[in-house]
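First comes the structure, then the notes that go with it.
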Amino acid sequence: MADRHTLEELNNCSREELITIVLMMQGQLDTLNENIERLIEQVRIANSYRFGKHTETLDSIDGQLSFFDEAESCCDLSVPEPAAEEVLPSRRNHKKKGQRETDLKDFPEEILPPYQVSTEELDTFYGADNWRRMKDETYKRLRHEPESWTVEVHTVEVYVGTGGDHQDEFLRGKRPKDLLRGSIVTPSLLASILNVKYVNSSALHRVEQEFQRNGVNISRQTMSNWIIRCAEKYFAPFVDRMKQELLSLPVTQSDETPTQVIGDSDRPNSKCYMWVHRSGEFYKERPVVIYEYQKGRDHEKPLEFYRNYKGVLVTDSLAQYHLLDKKLPGVTNANCWAHARRAFADAVKAADKKDPLSVKNSVAYQALQKIAEFYRIDTGLKELPATDRLTQRQTRIKPLVEDFFAWAKQQAAECAVPPKSRTGQGLNFIIHQENYLKVFLTDGDIPIDNSVSERAIRTFCIGKKNWMFHNTAKGAGASALVYSISETAKLNNLRPYYYFRYILTELPKCCDEKGNIDPAKLDQLMPWAEEIPEECRKPRRS
């Protein structure tokens, strides 16, 4: 707080002292105005996250800007008048004929008894012998039975020797291995629980309530025990085999999200983390997603996961990943352009919408336009082979990227925006991340951003809103294993319920007498294996 001067003190000040005081006040006023503008921006950004659209696409932002001046911003006299057919489209339904038959062709059919007309009714209506039968009409309806329960009664034949070398010895029929010894659970029941919790993001207490409404009493504690025991016995070696496949790929991607684990927290509300590691966006043959629970997110966590990895790791700008780039000779870290543009998108969203022209002339909006051009070109290259994509990136995108960084450095050097503003933070961010942001220009298999990792972890983010926290680290670790399988199954176009049911049936057969699983036997059960039954596969639409 500056010293306050009385009128008498000011009257006694010399000219030089008065000039010094005025200059100090101007500096304080500039700082105060800058702080006020930054606070207003923060409030607008907070309101945008809370009440506004979460999309950051430039088209969406443009739509928000034009809300207050549609006539001025949308006017283009060169655009011809629309034809009447465009303004008043036909109301007729152009659905392809026979589409319903195609949609239902993969489902089993039950032919119901025909709805008959009796001879007496026909004679009464038409008169005797004044009628003949035409071709029957048929139509289809889709029936769904949400819960169906069947008690399996297993019978094991037992014999006893009455003479000879094996007198009084028992011989029993060879029974299939139980999923969990002495438990009532079956592959189909556990698959249903896993599907509801980990695919449809419903909490176990809701599953428990639904079971009770159908007369089945299985507590969530029992279901949790089943999940953890199967995770330790079957899913851990299964996911280890998937991890081997992931780390053999030249490009991988990673992200993390906070979660709360009560039994693994040092203090109330402390954060633990669920990490996701997945195959590169352009690797379509055997896509893999690996979830990993960790108590923290220091660099030791990804360092241990990628210790023997050689390839490119695409991530956001977290410093822990940059340390991997420095500590692991085989790892190159590439950064995400979606994260790089986020500060500029926030700044535009927080701008005063009453002056759209000023917003469109802003540094933040210009930055978004330049980055959008990278995306526009790169999106058109997605279907090309990696070598062709790299050639096009070098020819068309690289010059734009170089110009963008030169422009950004010029804006920062000229102090075109306050350094602590959201735009200033965005400029500072991309300048410091330049080398990491340019990596995608060196290899056609490297995606421009890390969006697929965020999509891979989205199911968990939705789920944690329903169950809020895990009780123990063991439970969080089990969840990570299940998510790894379900998300990888979805990427390989499998139906998670049927796939869980299949592997839970087959995995007990892979165990030796000590309960260990030979990794070689897991290859035919992997989500990409040709041996996967057809019922596990997502139906292909014609």
Search all heavy atoms of [X] against all heavy atoms of [Y] and return the closest pair with its distance.
X      : Y      : value
Leu180 : Trp226 : CD1-CD1, 3.7 Å
Ile503 : Pro508 : O-CD, 4.3 Å
Lys233 : Leu179 : NZ-O, 4.3 Å
Lys420 : Gln425 : O-NE2, 3.3 Å
Ala343 : Gly426 : CB-CA, 3.6 Å
Tyr198 : Thr459 : O-CG2, 3.4 Å

(message) For Phe460 and Tyr483, take the angle between the two ring planes, folded into 0 to 90°, and tell me which bin it lands in: parallel under 30, tilted 30 to 60, perpendicular over 60.
(response) perpendicular
Note, [X] side chain near [Y] side chain (heavy atom, < 4.5 Å):
X      : Y      : value
Leu525 : Tyr502 : yes
Glu292 : Glu304 : no
Phe238 : Leu481 : no
Asp512 : Asp518 : no
Leu507 : Leu522 : yes
Trp407 : Val363 : yes
Lys310 : Val331 : no
Ser192 : Phe500 : no

Side-chain donor or acceptor of [X] paired with backbone N/O of [Y] under 3.5 Å:
X      : Y      : answer
Asn492 : Thr488 : yes
Thr252 : Leu313 : no
Gln366 : Asn361 : yes
Gln320 : Arg297 : yes
Asn195 : Val199 : no
Thr442 : Val439 : yes
Arg393 : Leu441 : no
Ser479 : Gly475 : yes
Asp443 : Asp445 : yes
Arg341 : Ala372 : no

(request) Check each of Tyr309, Tyr306, Tyr291 against His277 using the side chain to side chain donor-acceptor pair (under 3.5 Å) test, and report the only one that passes. (result) Tyr306
(message) Which residue in the set Lys438, Glu434, Gln433 passes side chain to side chain donor-acceptor pair (under 3.5 Å) when paired with Asn335?
(response) Gln433
(message) Can you confirm whether Tyr498 is buried at OH, in the sense that more than 12 heavy atoms of other residues, nucleotides or ligands lie under 6.0 Å from that atom?
(response) no
(request) Could you tell me whether Glu414 atom CD has more than 12 heavy atoms of other residues or ligands within 6.0 Å of it? (result) yes
Rounded distance (nearest 0.5 Å) linking atom [atom1] of [X] with atom [atom2] of [Y]:
X      : Y      : atom1 : atom2 : value
Asn333 : Thr315 : CG    : OG1   : 4.0 Å
Gln244 : Asn308 : CD    : CG    : 11.5 Å
Met526 : Glu531 : CE    : CD    : 11.5 Å
Asp523 : Arg241 : CG    : CZ    : 4.5 Å
Arg389 : Ile397 : CZ    : CD1   : 10.0 Å
Cys536 : Arg495 : SG    : CZ    : 8.0 Å

(request) List for me each residue that meets side-chain hydrogen bond (donor to acceptor under 3.5 Å, both in side chains) alongside Lys538, sequence neighbours excluded, and say none if there are none. (result) none
(request) Applying side-chain hydrogen bond (donor to acceptor under 3.5 Å, both in side chains), name anything that partners Ser451, two or more places apart in sequence or on another chain. (result) Asp449
(request) Could you tell me whether Lys474 and Glu232 make a salt bridge, using a distance below 4.0 angstrom between a side-chain N and a carboxylate O? (result) yes
(request) In plain terms, say whether Glu373 and Arg376 are close enough for a salt bridge, that is, a side-chain N and a carboxylate O under 4.0 Å apart. (result) yes
(message) Let's go through Arg422 and Lys349 carefully: what are the C-alpha distance in whole Å and the side-chain angles of both, what is the deciding distance for side chain to side chain contact (heavy atoms under 4.5 Å, CB included) to 0.1 Å, and is it a yes or a no?
(response) CA-CA 11 Å; Arg422 199 74 179 102; Lys349 287 181 180 181; over 6 Å; no
(request) Using the ring of Trp275 (Phe, Tyr or Trp, six-membered ring only), decide whether Lys301 places NZ or CZ under 6.0 Å from its centre and within 45 degrees of its axis. (result) no
(request) Verify side chain to side chain contact (heavy atoms under 4.5 Å, CB included) between Phe305 and Lys243, making sure each step is shown before the conclusion. (result) CA-CA 9 Å; Phe305 190 93; Lys243 180 180 176 181; 3.6 Å; yes
Just list the side-chain donor-acceptor pairs under 3.5 Å for residues 278-289, sequence neighbours left out, or say none.
unit_1: Ser279; atom_1: OG; unit_2: Val288; atom_2: N; d: 3.0
unit_1: Glu281; atom_1: OE2; unit_2: Lys382; atom_2: NZ; d: 3.0
unit_1: Lys284; atom_1: NZ; unit_2: Glu281; atom_2: O; d: 3.3

(request) Begin from the C-alpha positions of Thr423 and Gln411 and carry the test side chain to side chain contact (heavy atoms under 4.5 Å, CB included) through to its verdict. (result) CA-CA 10 Å; Thr423 303; Gln411 300 301 315; over 6 Å; no
(message) Testing Phe404, Tyr375, Phe429, Phe344 one by one against Trp337 for a ring-ring contact (aromatic ring centres under 6.0 Å, His included), which residue passes?
(response) Phe404
(request) Applying side chain to side chain contact (heavy atoms under 4.5 Å, CB included), run through Leu190 and Cys230 and close with a yes or a no. (result) CA-CA 9 Å; Leu190 185 56; Cys230 284; 3.4 Å; yes
